[in-house]
2 protein chains.
Amino acid sequence: MSTAAHGAGEPCGDGLRERETVRTGGRHGGESAASRATSASTKDEDAVEAPRNGSDFAHLFVFANEKAGMKKVDKEHVNQIVFEMSKGSEHFKEAQRRDERTQAEVRKLRAKLATTLESDLAPVRHRVDAKVTKLLRERDLSRIYCVVDMDCFFAAVEMRDDPSLAGKPMAVGGLSMISTTNYLAREYGVRSAMPGFIARKLCPELVFVKSNFDKYRQASQEVRDILKKYDPKLHAGSLDEAYMDITDFVDVKIATEQAGANLDADAQTARRFHVAERVVQAMRDEVSAHTRLTCSAGIARTRMLAKIASDRNKPNGQCVVPWQPEKMLRFTRELAIRKVPGIGKVAEKKLKDALGVATVRDLWDKRYLCAHLLSAVQADYLLRVTLCCTNPSVSSSQASSSSAASSSAAAVSALPSAFGQGEDNQRGRKSIGMERTFSQGASSVQELFDTCLDICARLSRRCVEKQLIGHCVTLKIKKSSFEVFTRQTIVTNAVPRCADGTDLFEHARELLAREMPCRLRLMGIKVSKLIDPSHAPVKIVSSGVLHAVKPWMMRRTLK
Amino acid sequence: MSTAAHGAGEPCGDGLRERETVRTGGRHGGESAASRATSASTKDEDAVEAPRNGSDFAHLFVFANEKAGMKKVDKEHVNQIVFEMSKGSEHFKEAQRRDERTQAEVRKLRAKLATTLESDLAPVRHRVDAKVTKLLRERDLSRIYCVVDMDCFFAAVEMRDDPSLAGKPMAVGGLSMISTTNYLAREYGVRSAMPGFIARKLCPELVFVKSNFDKYRQASQEVRDILKKYDPKLHAGSLDEAYMDITDFVDVKIATEQAGANLDADAQTARRFHVAERVVQAMRDEVSAHTRLTCSAGIARTRMLAKIASDRNKPNGQCVVPWQPEKMLRFTRELAIRKVPGIGKVAEKKLKDALGVATVRDLWDKRYLCAHLLSAVQADYLLRVTLCCTNPSVSSSQASSSSAASSSAAAVSALPSAFGQGEDNQRGRKSIGMERTFSQGASSVQELFDTCLDICARLSRRCVEKQLIGHCVTLKIKKSSFEVFTRQTIVTNAVPRCADGTDLFEHARELLAREMPCRLRLMGIKVSKLIDPSHAPVKIVSSGVLHAVKPWMMRRTLK
DNA sequence: CTACATAGG
DNA sequence: TACTCCTATGTAG
DNA sequence: ACCCATAGC
DNA sequence: TACTGCTATGGGT
Ligand SMILES: Nc1ncnc2c1ncn2[C@H]1C[C@H](O)[C@@H](COP(=O)(O)OP(=O)(O)OP(=O)(O)O)O1
Ligand SMILES: Nc1ncnc2c1ncn2[C@H]1C[C@H](O)[C@@H](COP(=O)(O)OP(=O)(O)OP(=O)(O)O)O1
Ligand SMILES: [Mg+2]
Ligand SMILES: [Mg+2]
Ligand SMILES: [Mg+2]
Ligand SMILES: [Mg+2]
């Protein structure tokens with residue numbers, strides 16, 4: 001299991017089955033695996049309410065999930081502290097409201113499951129089986145990927161630059177929120193996304209360091225410069241991680257070092273992996289030598305598996321996912337679904353409670369039900385995961401994105417962009433925004449508008465620096481209750497056009513005014529539908545085909 | 001051909017081909033059928049502009065299309081008159097603007113065609129072929145359908161009630177618009193949806209009679225009462241047409257009249273059809289005897305074909321689509337696509353200009369291209385048409401409607417509801433509205449609001465009578481330029497709640513105010529998202545599943 | 001398009 | 001003393 | 001959700 | 001004298 005979040009309802013670990021338990025011509029539900037799996041955690045129907053401990057609520061918090069370096073943590077204890085520090089707060093209440101919505105979703109899924117006939121599943125089976133064949137046929141395992149992820153990045157930079165921190169548990173952030181912690185702190189269960197005041201409760205001697213983003217950006221650049229020698233086209237997933245294709249580097253190394261004996265395909269792959277392991281070790285050594293920062297790495301035949309592997313031997317370690325297809329598959333199937341990028345705390349709970357799915361193997365066993373219950377996009381991604389078919393395919397043209405509507409909220413997020421397209425996934429950013437929390441303070445209308453203008457001004461400055469303008473302005477508001485709202489509008493002339501943010505504020509003010517008065521804890525502004533700034537405001541070609549003109553400029557105006 | 005609308009670009013009638021002309025690995029376009037078919041009507045590139053006659057514009061008007069009883073009309077002459085009476089008018093200009101948008105769509109389709117590779121089509125072929133197999137396998141031809149459609153219904157009622165009209169060409173409607181005409185008038189090309197003043201030009205002796213809707217409704221009821229004896233569950237497609245399943249009636253008749261010799265399936269079907277013909281003749285005789293109104297009928301193994309057949313021998317005739325699958329298919333394939341319900345003047349032109357498709361046979365020949373170019377829903381419907389698979393399938397549960405986005409506007413409308421579901425397609429109306437044209441008149445702001453209130457009041461009255469309330473209010477506006485706009489809003493409390501329309505007006509006023517001032521020729525109000533009026537405003541079940549609560553009541557409100 | 005929810009660093 | 005800030009994506013209405 | 005376009009009687 | 005009124009559906013944004 002990937003997390004201690006689920007104290008009660010354990011899954012039905014009945015291993016590999018090629019068919020879900022469906023009574024022919026009958027209905028799902030009743031004694032089915034899914035039902036059993038959920039009846040414990042969804043206590044609605046229980047006559048006796050067992051007294052709850054903190055672990056019953058762990059699924060409400062991202063930071064209750066285990067991160068690298070937290071293996072030996074006493075989860076029960078941590079969950080208890082977290083619960084006690086949280087319960088009754090507005091934040092906790094909001095978390096509970098969200099959870100209730102998730103439970104409703106689960107009930108809906110189970111209801112659909114209960115009324116699913118064998119005859120409904122038949123065509124699904126056909127489609128899924130065909131897709132499996134197709135995916136396996138098109139699966140591309142020709143490359144070797146490496147994902148490098150820095151160890152407790154922000155914290156590592158701070159510790160490098162301040163030797164007095166050595167040997168102490170420390171966190172980057174403040175009493176409100178922690179960005180990351182060093183591995184000493186993690187032994188206390190203290191990690192990213194955890195509020196500092198809870199962390200301090202768990203570890204009173206925890207040292208807090210304020211974040212210095214510019215330093216991290218610079219360190220990141222230094223690391224990347226080294227990595228680029230191994231793959232000039234690497235894709236930076238974030239400041240602290242890089243997706244690399246090291247095939248070429250490895251092959252060159254082999255070509256220059258070893259005799260070109262005629263090996264069969266498997267032997268060649270084995271040799272490549274062997275070399276890859278040494279290459280990556282050397283690369284990591286080079287990084288730590290030059291930056292005094294350690295990193296970890298994963299090596300595999302798909303980006304996704306490399307990403308997962310990079311977390312396995314943290315800190316300062318690396319992990320190879322076996323290259324043999326069967327072994328690779330075994331590695332994959334044994335993963336808890338929570339390890340799969342895109343499956344977060346909510347999707348994990350939904351899949352477990354509605355379908356009894358805890359591992360990728362379960363996902364494979366229940367692939368037909370997934371295809372039936374989830375949206376096409378979601379089911380497609382999950383199926384690819386079970387088959388290690390997450391590498392970009394080289395199909396000729398664009399697949400028309402058939403979006404099939406099914407349940408009310410996304411169970412699984414997008415196929416993470418890092419896996420989606422090839423190396424040239426760089427089509428620039430899609431939005432830029434700025435938001436600010438002011439906890440209890442500002443609530444007079446005047447203050448709120450002042451805040452809004454301030455955010456607009458600062459954001460505009462950043463936009464101007466980066467040469468970004470866009471046609472969509474979004475106002476984000478978080479109430480004191482932690483409920484989040486957004487209000488957006490399409491603007492005919494892209495903003496911001498001036499660095500003081502007055503034009504941006506014009507629109508933001510409008511959006512804000514409609515909702516006033518109101519008690520807020522956060523306000524944010526975002527600009528999206530970005531366009532190339534070298535853009536002539538109106539350039540309509542009569543055919544209407546050459547789209548220098550975006551649709552939202554075409555808005556018909558009565559009058 | 002179904003219409004004289006297309007003077008120039010005739011289709012490439014090269015008969016049955018199992019594969020479209022696609023150069024392997026190459027591109028479409030160039031000398032392809034589609035290109036040739038369009039180059040004449042899309043004159044953009046022509047150096048020499050041929051002088052245009054009325055028929056070049058016939059495709060702009062619904063009423064230029066041939067209706068029953070117009071076989072011998074001199075289309076050239078009619079089109080010329082229509083053109084001369086229309087050209088330069090605001091209405092004509094708007095028609096031209098719409099046509100231009102359609103042409104743009106066509107260009108887009110042809111562009112996509114031109115960049116379509118053989119490799120793009122391969123998977124499409126696979127999918128389509130699989131679907132064909134499936135559709136044919138599931139095709140249900142077990143029933144005999146009959147569609148009854150009254151002959152020039154409104155006109156027939158008026159002529160029955162006013163003997164002085166006998167022998168004269170007449171129209172129901174006025175100089176602005178004609179609802180329908182008798183068959184004498186049709187000889188002049190005068191028909192439904194034609195403006196009266198044009199009709200009078202075509203036929204100066206034309207007699208105009210104002211419409212009396214109540215009379216038609218009553219006559220309709222009388223007819224239906226008779227028809228119900230032959231199928232108690234008939235589906236009324238409109239005041240003047242009924243979709244019937246006469247299988248049971250026919251079988252009973254056979255059982256009581258004839259010896260139950262053991263016939264093979266074909267012989268039994270043949271006998272059923274024979275009996276059906278007599279039954280329908282008797283039914284029609286009964287209708288005319290009791291109502292002094294004649295009707296026509298179509299008999300076939302699918303509702304769609306019965307509907308098409310009902311128009312074949314008008315007036316006062318009937319037509320049987322051969323029951324033999326091959327003959328039925330031949331009948332179908334020879335149809336001009338314009339005869340297919342759902343394919344109107346625009347879809348006809350698009351399919352012809354972009355793909356060279358004029359008949360259902362062409363549709364079959366180009367089925368792969370259709371699947372590639374059109375949306376899934378559209379391609380699916382068209383494919384069903386070519387295979388006579390338009391009857392409701394008996395699959396157990398709902399197919400998740402996968403909406404694939406492709407081109408910007410709908411090429412083919414919905415699968416007409418009459419064919420979609422079985423007999424119990426009666427789930428009540430979805431909307432109710434009222435609109436009014438006031439040509440040049442009212443334009444002062446005051447007048448417009450008065451008009452709005454008046455419409456709201458009258459509409460509310462009708463709603464109260466019918467016990468209808470809804471959560472969506474739509475304002476419709478037609479400018480003097482004939483451009484149409486709609487503005488709608490979701491209202492938290494369903495309207496109207498009072499018969500004087502004040503609450504409805506409250507919302508309509510709001511919508512109208514936003515667009516004022518403005519020169520209009522029409523204003524309309526519609527209420528939709530109807531709910532059961534026996535509805536307690538708030539009735540939330542904690543599970544959230546039992547949906548007495550519609551989503552738009554859940555709208556979160558900041559503040 | 002607009003609003004919301006999920007996800008990950 | 002009291003639950004971040006940033007970007008991207010899927011889904012429903 | 002909102003708005004536009006098509007379709008048929 | 002001068003291009004309807006009504007309902008439904010698909011699809012883009
Ligand atoms: N929830 C968060 N909020 C703000 N910043 C974050 C958050 N999570 C991570 N970061 C920042 C700080 C991290 O050092 C940096 C890289 O994240 P990540 O790689 O996930 O963890 P990490 O590098 O701190 O530890 P690890 O050794 O597990 O990789 O991104
Ligand atoms: N465009 C229209 N506008 C208003 N009313 C119409 C329109 N078209 C038809 N109607 C009304 C009047 C018709 O008598 C009635 C039935 O239509 P329909 O069956 O298509 O034609 P019809 O019954 O007048 O002649 P036919 O003999 O061809 O069936 O509906
Ligand atoms: Mg890291
Ligand atoms: Mg990282
Ligand atoms: Mg009729
Ligand atoms: Mg009719």
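Chain identifiers are assigned alphabetically (A, B, ...) following the order of the sequence lines, protein sequences preceding nucleic acid strands; residue numbering begins at 1 within each chain.
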Start at the 5' end of DNA chain C and walk down; is the nucleotide closest to A/D149 or to A/R98 reached first? A/R98
Rounded to the nearest Å, what distance is computed from the CZ atom of residue A/F213 to the P atom of nucleotide D/dT4? 17 Å
Expressed as a whole number of Å, how far does the P atom of F/dA2 sit from that of E/dA7? 29 Å
Give the nucleotide from the list D/dC3, C/dA7, F/dG5 with an atom nearest to the side chain of A/I198. D/dC3
From E/dG8, C/dA3, D/dC3, nucleotide with atom closest to A/F63 side chain: D/dC3
When all nucleic acid strands are considered with a 4.0 Å heavy-atom cut-off, which category describes B/V82: base, sugar-phosphate, or nothing? nothing
Look at the side chain of A/R521 and decide which nucleotide, out of D/dC3, E/dA7, D/dA8, has an atom nearest to it. D/dC3
Whole angstroms only, please: what is the CZ-C1' distance between B/R217 and F/dC6? 12 Å
With salt bridge (charged side-chain N to carboxylate O under 4.0 Å, His left out) as the test, pick out the partner of A/K476 among A/E435, A/E483, A/E515. A/E435
Is the distance from OP1 or OP2 of C/dA3 to the nearest side-chain N or O of A/T474 less than 4.0 Å? no
Mind checking if B/M194 touches a base, just sugar-phosphate, or nothing, with heavy atoms under 4.0 Å? nothing
Taking the side chain of B/R462 as its heavy atoms from C-beta onward, which of D/dC6, F/dC6, E/dC3 lies nearest to it? F/dC6
Using atom P in both nucleotides, what's the gap between D/dT4 and C/dA5 to the nearest angstrom? 16 Å
Is B/S528 touching bases, backbone alone, or none of the nucleic acid, heavy atoms closer than 4.0 Å? nothing
Using modelled atom types only, decide if a donor and an acceptor are shared between the side chain of B/S86 and the backbone of B/F83 within a distance under 3.5 Å. no
Out of C/dA5, D/dC3, D/dC5, which nucleotide sits closest to the side chain of A/L522? D/dC5
So B/L239, base contact, sugar-phosphate only, or nothing? Heavy-atom distance under 4.0 Å. nothing
For F/dG5, take OP1 and OP2 only and decide whether either is under 4.0 Å from a side-chain N or O of B/T437. yes
Side chain of B/S89 - closest among D/dT7, F/dG11, F/dC3: F/dC3
What's the CG-C1' distance between B/L530 and F/dC6, to the nearest Å? 14 Å
Can you check the A/H59 NE2 to C/dT6 P distance for me, whole Å? 12 Å
Would you say the side chains of A/T102 and A/E105 form a donor-acceptor pair under 3.5 Å? no
Report the nucleotide, chosen from F/dC6, C/dA7, F/dA8, that has the shortest atom-to-atom distance to any side-chain atom of A/A347. C/dA7
Could you give the CE-to-P distance, from A/M434 to D/dC6, as a whole number of Å? 6 Å
Which is true for B/E241 with a 4.0 Å heavy-atom rule: it touches a base, it touches only sugar-phosphate, or it touches nothing? sugar-phosphate
Residue mapping more 5' on DNA chain D - nearest nucleotide basis, A/K466 or A/K478: A/K478
Hey, is the main chain of B/S179 close enough, under 3.5 Å, to the side chain of B/S192 for a donor-acceptor pair? yes
Kindly say whether, by distance alone, the side chain of B/S431 makes a donor-acceptor pair under 3.5 Å with the base of F/dC6? no
Per A/E435 side chain, nearest of listed nucleotides D/dC3, D/dC5, E/dC4: D/dC5
Out of A/N65, A/T180, A/I178, which residue meets the side chain to side chain contact (heavy atoms under 4.5 Å, CB included) rule with A/R191? A/N65
Return the nearest nucleotide to the side chain of B/S238; candidates are E/dC9, F/dC3, D/dA2. E/dC9
Taking for each residue the nucleotide of DNA chain C with the nearest heavy atom, is it A/Q488 or A/D240 whose nucleotide lies nearer the 5' end? A/Q488
Would you mind classifying the nucleic acid contact of B/S220 as base, sugar-phosphate or nothing, using non-hydrogen atoms under 4.0 angstrom? nothing
Of all the choices, C/dA7, F/dG11, C/dG9, which nucleotide is nearest to the side chain of A/K345 once you look at every atom? C/dA7
Rounded to whole angstrom units, what separation is found between the CZ atom of A/F92 and the P atom of D/dA2? 20 Å
Going by the angle between their ring planes, with limits at 30° and 60°, are B/F213 and B/F154 parallel, tilted or perpendicular? perpendicular
If the P atom of C/dT2 is compared with that of F/dT13, how far apart are they to the nearest Å? 13 Å
Checking all strands, does A/S179 fall into the base, sugar-phosphate, or nothing category for heavy-atom contacts under 4.0 angstrom? nothing
Main chain of B/L239, side chain of B/S220: is a donor-acceptor contact present, judged purely on distance under 3.5 Å? yes
Answer whether the closest heavy-atom distance between the side chains of B/M434 and B/I525 falls below 4.5 Å. no
For E/dA7, take OP1 and OP2 only and decide whether either is under 4.0 Å from a side-chain N or O of B/K349. no
So B/I178, base contact, sugar-phosphate only, or nothing? Heavy-atom distance under 4.0 Å. nothing
Taking any heavy-atom pair under 4.0 Å as a contact, classify A/F482: base, sugar-phosphate, or nothing. sugar-phosphate
What is the distance, to the nearest angstrom, from the NZ atom on B/K479 to the C1' atom on E/dC4? 15 Å
If I take atom NZ in residue A/K210 and atom P in nucleotide D/dC5, what distance separates them, rounded to the nearest angstrom? 14 Å
Which is true for A/A95 with a 4.0 Å heavy-atom rule: it touches a base, it touches only sugar-phosphate, or it touches nothing? nothing
